[in-house]
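Here the structure is laid out as structure tokens; the discussion comes afterwards.
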Amino acid sequence: MKIFSHPLDSSALHAEFYAAARGRNLGAFISFAGIIRAELNEAGEQVEGLSFDIEPALLANWLAEYRAKETSEIAYFFAHAKGDVMAGECSYFAAVAARKREAALREISAFVEDFKRRAPIWKYDIVGGKRVYAAARSFALPHAGLLA
Amino acid sequence: MVTVNFLGPAAEDFPEAFCLEAHSLAELASVLNDDELAAKWLKISAVAVNGHIASNAQMPLKTGDLVQILPPVCGG
């Protein structure tokens with residue numbers, strides 16, 4: 001797990017993770033990069049970038065579920081930025097390597113989607129230089145409302 | 001005493017972790033829901049105890065436990 005306090009260097013991460021996949025004799029390597037879009041948010045405001053809060057200990061627990069699934073036939077790779085990441089920059093880089101393509105194609109989708117919905121990361125739009133919680137695009141965690 | 005920490009956007013309302021006397025999550029909920037701002041976040045938030053998401057509101061707590069309030073998430 002890699003957490004950076006600046007936008008990600010997706011080329012360097014690709015090279016690093018690809019080399020690790022090669023080192024494990026895994027034949028299929030599929031990566032995913034999240035690039036910040038310049039667009040309007042739900043309120044019609046221009047989004048200049050995104051900002052992220054991360055809880056590292058909880059994130060490590062989330063990733064541990066994937067580490068536990070790793071075998072000689074599959075491996076997961078993960079990096080994310082915290083703080084501000086501006087439009088055009090990379091905030092998230094993940095990859096899956098598997099012995100064969102079927103498992104890699106299946107797992108990259110599950111890994112990226114599960115991350116989006118369950119990893120302890122909070123997203124904010126940067127609008128006019130200020131952080132605005134992206135509530136409408138966020139996902140309630142399992143058992144949300146337990147203490148309500 | 002347990003430590004309570006509101007994370008992500010909830011930290012804007014509760015920037016510092018604080019300690020409370022509570023022997024279960026239900027007891028903690030009863031105290032926290034007296035605060036309007038806390039109640040607002042609790043409605044939509046999950047709860048982690050010592051790093052693991054809780055699923056039982058009656059879960060007992062012991063001195064030194066860390067309770068984290070987790071609003072809806074979105075990475076990527």
Side-chain angles (χ1 to χ4, degrees), chain A residues 1 3 8 32-37 50-65 78-82 85 90-94 111-125 130-148, chain B residues 2-18 20 22-61 65-76:
Chain A
M1 179 176 95
I3 299 174
L8 304 188
F32 174 91
I35 305 165
I36 306 301
R37 297 184 300 269
L50 298 177
S51 188
F52 300 91
D53 288 341
I54 295 179
E55 169 50 40
L58 290 172
L59 181 61
N61 286 345
W62 170 79
L63 196 59
E65 293 180 27
F78 175 89
H80 206 288
K82 65 179 182 179
V85 185
C90 180
S91 59
Y92 170 41
F93 195 88
F111 188 46
V112 170
E113 289 301 322
D114 186 50
F115 162 76
K116 196 94 176 166
R117 284 168 171 75
R118 287 203 310 126
I121 298 191
W122 294 274
K123 177 183 285 184
Y124 306 80
D125 293 334
K130 294 183 178 173
R131 300 204 319 164
V132 180
Y133 176 45
R137 305 198 300 281
S138 296
F139 299 90
L141 287 165
H143 309 294
L146 186 71
L147 299 192
Chain B
V2 299
T3 301
V4 180
N5 196 8
F6 284 72
L7 300 181
E12 290 175 16
D13 291 329
F14 298 93
E16 302 292 338
F18 53 91
L20 280 178
H23 300 94
S24 69
L25 281 180
E27 200 179 321
L28 182 67
S30 162
V31 176
L32 290 176
N33 276 300
D34 283 342
D35 184 299
E36 200 173 306
L37 268 180
K40 179 191 81 170
W41 287 112
L42 292 179
K43 274 183 194 164
I44 59 171
S45 296
V47 182
V49 178
N50 300 327
H52 299 281
I53 301 279
S55 59
N56 174 12
Q58 303 306 318
M59 180 179 179
L61 296 175
D65 280 349
L66 172 63
V67 178
Q68 293 167 303
I69 309 301
L70 314 172
V73 299
C74 188

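Heavy atoms only: backbone and side chains are in, while hydrogens, waters and symmetry mates are out.
Listed by sequence position, B:I44, B:S45, B:A46, B:V47, B:A48, B:G51, B:H52, B:I53, B:A54, B:S55, B:N56, B:A57 are the residues of residues 44-57 of chain B in contact with chain A, using a 4.5 angstrom heavy-atom cutoff.
For A:Y92 and A:F52, the ring centers sit 6.0 Å or farther from each other. Note: A:F78 and A:F115 meet the aromatic proximity criterion, with ring centroids under 6.0 Å apart.
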Run the side-chain donor-acceptor check on residues 132-147 of chain A: report pairs under 3.5 Å with partners two or more places apart or on a different chain.
| from | atom 1 | to | atom 2 | distance (Å) |
| --- | --- | --- | --- | --- |
| A:Y133 | OH | B:P72 | O | 2.7 |
| A:R137 | NH1 | A:E42 | OE1 | 3.2 |
| A:R137 | NH1 | A:E42 | OE2 | 3.1 |
| A:R137 | NH1 | A:D125 | OD2 | 3.3 |
| A:R137 | NH2 | A:D125 | OD1 | 2.5 |
| A:S138 | OG | A:A134 | O | 2.8 |

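Across A:A57, A:A119, A:P120, the residue that shares the most heavy-atom pairs under 4.5 angstrom with chain B is A:A119.
Within 6.0 Å of NZ in B:K43 there are 12 or fewer heavy atoms belonging to other residues, nucleotides or ligands.
Between B:F14 and B:F6, the ring planes are parallel. Angles under 30° get that label, and only those over 60° would be called perpendicular.
Among residues two or more places apart in sequence or in another chain, the side-chain contact (heavy atoms from CB on, under 4.5 Å) test is passed with B:S24 by B:A26, B:E27. B:W41 meets the side chain to side chain donor-acceptor pair (under 3.5 Å) test with B:D13; sequence neighbours excluded.
With a 4.5 Å cut-off on non-hydrogen atoms, A:F93 does not touch chain B at all.
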